[in-house]
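Report on one structure; see the data block that follows.
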Amino acid sequence: MNENGLSNVMEIVKRQKWENLFKRRELVHIDAVKEFYAKITVTHLKKKDVVKSKVRGVDLEFDHEKLATILGVPGKNGICEYIKEVWEESKYTKPLEITRIFANDDTIMKARRVKSVEMKPSQRFIHFLVMKNVIPRFGKRDTTSFMDLSYMDHLTARRLVNLPRVMMRHMSYVISICPTSVGDLPGKLVENLPDKVRELRGANRRWKEICPVVLVVDGLLCPAR
């Protein structure tokens, strides 16, 4: 356990109080989840973000504190920065330093992505945790982004992460890059899409990129696992 790094991951999970996310759920309504993401909007307010959607005719609305209650994790405090590929220093993160740490090479002179083959086994488990539970994504899982490295560093340095707020900001980003209507797609792409695929393409990509975040069942929100 200690050699392969699983114990480090479980220590992080317990420290962040995320154990509830790893409980097995049998009931998963994929169509409802896709409908949720097809109609989702995220509004950014001064002190909170608000998600709205509609599933099976039921209006849904929640902020990060409500999402924390749904998921059974802390949501009032903690780091929630969401930086896409901007390799700049923040209050906690020094890009070159974390590149060296997770690439295990003190001779690196410039911050960059780190490949999984450069990491120690324990670091790979932490990277997997970040990709699956903090900032989920559908592809490119063998290489870190700057944000991956940042949250890997936050977790190993025992800094509290506000997971619900990070999730909601990730939702907002995915919405911006995954159109759900034909009108949002490039003309040449639309011409080559069957009608049914046109309708579902955006929603499918959204739930693949965002999940696992929340599961919608008969108008209720519960953890999706």
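All figures in this text were calculated on a predicted structure; none of them were measured in a lab.
Under a 3.5 Å cut-off, the side chain of Asn162 and the backbone N or O of Gly75 do form a donor-acceptor pair. In terms of modelled atom types and a separation under 3.5 Å, the side chain of Ser53 and the main chain of Phe36 share a donor-acceptor contact. Without hydrogens or angle criteria, His170 side chain to Pro136 main chain gives a donor-acceptor distance under 3.5 Å. Put simply, the side chain of Asn20 gets close to the backbone of Leu71: a donor and an acceptor are under 3.5 Å apart.
Taking Thr156 as the reference, Phe102, Ile126, Asp153 meet the side-chain contact (heavy atoms from CB on, under 4.5 Å) condition, with sequence neighbours excluded. Lys120 meets the salt bridge (charged side-chain N to carboxylate O under 4.0 Å, His left out) test with no other residue; sequence neighbours excluded.
No donor-acceptor contact under 3.5 angstrom links the side chains of His127 and Ser116, judged on distance only.
Connection of Val166 to Val13 is established within a shared hydrophobic cluster, with ILVMFWY side chains joined at heavy-atom distances below 4.5 Å, either directly or through further cluster members. Both Leu67 and Tyr82 are assigned to one and the same hydrophobic cluster, defined by single-linkage of ILVMFWY side chains at heavy-atom distances under 4.5 Å. At a threshold of 4.5 Å between side-chain heavy atoms, the hydrophobic network of Ile, Leu, Val, Met, Phe, Trp and Tyr places Leu129 and Leu21 in one connected group.
The two residues Met152 and Met119 come nearest to each other via the heavy atoms CE-SD, 4.0 Å.
Rounding to the nearest 0.5 Å places CG of Leu155 at 9.0 Å from CD1 of Ile79.
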